[in-house]
Amino acid sequence: MTTISETQSNSAKHIAVIPGDGAGVDVTAEAVKVLKAAAAASGLTIELEQFDWSADRYLRDGTTLPAGAARMLVERFDAILFGALGDPRVRDNRHAAEILLGLRFQLDLYVNARPCQLLDARLTPLRNRSERDLDFVIFRENTEGLYVNIGGVFKRDTPDEVAVQEQINTRKGVERILRHGFEYARRHKRSRLCMSDKANALPHGHGLWQRVFAELRPQFPEIEASHLYVDALAAEMVRDPSQFQVIVAPNLLGDILSDLGAQLVGGMGVAPSGNIHPGRIGLFEPVHGSAPKIAGKNLANPIGSVLSAAMMLDEIGKPAEAAAIREAVRVSVREGKTTTDLGGSMGTREVGDWLADYVTGHAVTRT
Ligand code: IPM
Ligand code: MN
């Protein structure tokens, strides 16, 4: 007899795939390959549908994010697997802003989760650091801050030109990302959380972060909560990354810190991310961009995208499939079955094939 919850957990998952531009297309193809292998190995049905929102499409017919796209995604899909956007032919990157930031804002994906986990000690540029020393997650606020595109230009192209770019920080927005960080720490038995801001220079906007932080801390007495200004945090991440477990930061600061974090664990090619609003549809993408110089040459490292697919599986309630993919990635790195950025000699597609084969050959055990 099947219970209702079993029926639900075994029902098909619908994934929207948006490869985007350049290397985004290359790596997403491999993530899809590995995702399909993991699903097949565990008997999970996944239905994928691809969308061509990209520079090509924009240059062809002017479409960036089609009207109604966000609502359509919410109604028809469980999650979104995203590649990368950016194309030298679109100088102002308008399509990238409208599609990616458009989805983050319209779907209210307020958590940008960016785990920085060292998969193999050889991958870090730091001396004498092991896997245990580098395992933290950055929660970047993803719907406000300096990304809201409020501002304007006055006296354009004159010597007196003025450009204004506003940032917003709302009590609700700050509270929900900080709370997410604390709750994540509690759920995952992480004892330390560090909030980062620049309140010494931005006392209004980031002063709010400090006040909300002070209000929340007592609700999580078991978590050792600390604060570092963002410049000091950047320095500390390099000096002694082992002190960090959960980092929470405003949008732009989190953007910068997450590239730094990615480099500490092996480079942009290995870093995954999830744009999340707990309980709702999320968008999962590698932290790297479309890398036009290596796009289409079978050179891009697919690991960041593959691990983003694993994050997606976790988020839609498929932790066994996610774990199987992570294990395959860990073994591939250990055995040097990697692209050249990690010292291997394989191409994008060959790494994808290797990972898919590994997942297929090793039973996915449901937990
Ligand atoms: C990222 C990217 C984007 C961002 C760009 C493409 C707008 O750098 O996802 O980190 O700044 O959020
Ligand atoms: Mn970035």
Side-chain angles (χ1 to χ4, degrees), residues 12-54 77-85 119 266 268-274 282-288 290-291 294-316 318-342 344-365:
K13 294 292 180 188
H14 299 264
I15 310 296
V17 180
I18 309 172
D21 302 327
V25 177
D26 306 346
V27 298
T28 304
E30 304 316 309
V32 164
K33 205 185 264 177
V34 180
L35 185 60
K36 283 182 176 165
S42 79
L44 167 69
T45 309
I46 46 169
E47 279 164 23
L48 302 152
E49 189 173 328
Q50 198 149 315
F51 295 88
D52 69 349
W53 307 333
S54 61
F77 295 95
D78 295 293
I80 305 162
L81 185 65
F82 195 92
L85 289 171
L119 295 170
M268 298 308 294
V270 301
S273 79
L283 182 155
F284 300 82
E285 52 168 344
V287 175
H288 65 71
S290 60
I294 60 166
K297 297 183 177 158
N298 201 31
L299 283 172
N301 188 343
I303 286 182
S305 184
V306 170
L307 290 176
S308 300
M311 285 180 81
M312 176 179 82
L313 285 165
D314 265 334
E315 204 59 30
I316 60 174
K318 297 293 164 193
E321 289 81 354
I325 290 179
R326 287 203 183 92
E327 176 61 13
V329 169
R330 215 170 290 126
V331 176
S332 78
V333 171
R334 204 184 306 136
E335 296 188 359
K337 308 288 184 199
T338 63
T339 44
T340 51
D341 54 317
L342 299 188
S345 59
M346 290 165 78
T348 312
R349 286 189 293 274
E350 289 66 38
V351 172
D353 288 342
W354 193 96
L355 294 170
D357 284 349
Y358 187 94
V359 168
T360 303
H362 294 75
V364 174
T365 5

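All values below were derived from every heavy atom in this structure, side-chain atoms included, with hydrogens, water molecules and symmetry-related copies excluded. For reference, positions follow the sequence shown, starting with 1.
- Contact between Ile316 and Ala79 at its shortest, heavy atoms only, is CG2-CB, 3.9 Å.
- Taken to the nearest 0.5 Å, the NZ atom of Lys318 stands 11.0 Å off from the CD1 atom of Ile46.
- Without hydrogens or angle criteria, Asp78 side chain to Ile15 main chain gives no donor-acceptor distance under 3.5 Å.
- Taking CD of Glu350 as the reference point, atom OG of Ser332 lies at 13.5 Å (rounded to 0.5 Å).
- Proximity of a side-chain donor or acceptor of Thr338 to a complementary backbone N or O of Gly344 within less than 3.5 Å is detected.
- Heavy atoms only, all atoms of each residue included: Glu285 and Ser273 are closest at O-OG, 2.7 Å.
- Taking both residues in full, the closest heavy atoms of Ala31 and Leu81 are given as CB-CD2, 4.1 Å, listed atom of the first, atom of the second, then distance.
- Counting only N and O atoms by type, the side chains of Ser42 and Glu321 include a donor and acceptor under 3.5 Å apart.
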The test is side-chain contact (heavy atoms from CB on, under 4.5 Å); show your working for Leu35 and Leu48 and say whether it passes.
CA-CA 10 Å; Leu35 185 60; Leu48 302 152; 4.1 Å; yes

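- Rounded to the nearest 0.5 angstrom, Glu49 CD and His14 NE2 are separated by 10.0 Å.
- The aromatic ring centroids of Phe51 and Phe77 lie less than 6.0 Å from each other.
- When the options Leu342, Val306, Thr340, Val27 are evaluated for a side-chain contact (heavy atoms from CB on, under 4.5 Å) with Asn301, the one that passes is Leu342.
- Residues Pro272 and Val270 share a closest heavy-atom pair of CD-O, 3.4 Å.
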Given Leu355 and Val329, is the side-chain contact (heavy atoms from CB on, under 4.5 Å) satisfied, shown in steps?
CA-CA 7 Å; Leu355 294 170; Val329 169; 4.1 Å; yes

Working for salt bridge (charged side-chain N to carboxylate O under 4.0 Å, His left out), residues Asp353 and Lys337
CA-CA 11 Å; Asp353 288 342; Lys337 308 288 184 199; over 6 Å; no

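- A donor-acceptor distance shorter than 3.5 angstrom exists from the side chain of Asp26 to the backbone of Gly296, with no hydrogens or angles considered.
- Between the side chain of Asp21 and the backbone N or O of Ser54, no donor-acceptor pair lies under 3.5 Å.
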Test side-chain contact (heavy atoms from CB on, under 4.5 Å) applied to Thr339 and Leu299, step by step
CA-CA 7 Å; Thr339 44; Leu299 283 172; over 6 Å; no

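- Side chains of Phe284 and Ile80 form no contact here, defined as non-hydrogen atoms less than 4.5 Å apart.
- Of all heavy-atom pairs between Glu30 and Gly352, the closest is OE1-CA, 3.3 Å.
- Expressed to the nearest 0.5 Å, how far CG of Asp341 lies from CD1 of Ile294 amounts to 7.5 Å.
- Rounded to the nearest 0.5 angstrom, Trp354 CH2 and Glu335 CD are separated by 5.0 Å.
- Across all their heavy atoms, Lys13 and Leu44 have their closest contact at CG-CD1, 4.1 Å.
- Asp314 has a carboxylate O that lies under 4.0 Å from a charged side-chain N of Arg326, or vice versa, which qualifies the two as a salt bridge.
- A distance of 12.5 Å separates CE in Met312 from CG in Leu307, rounded to the nearest 0.5 Å.
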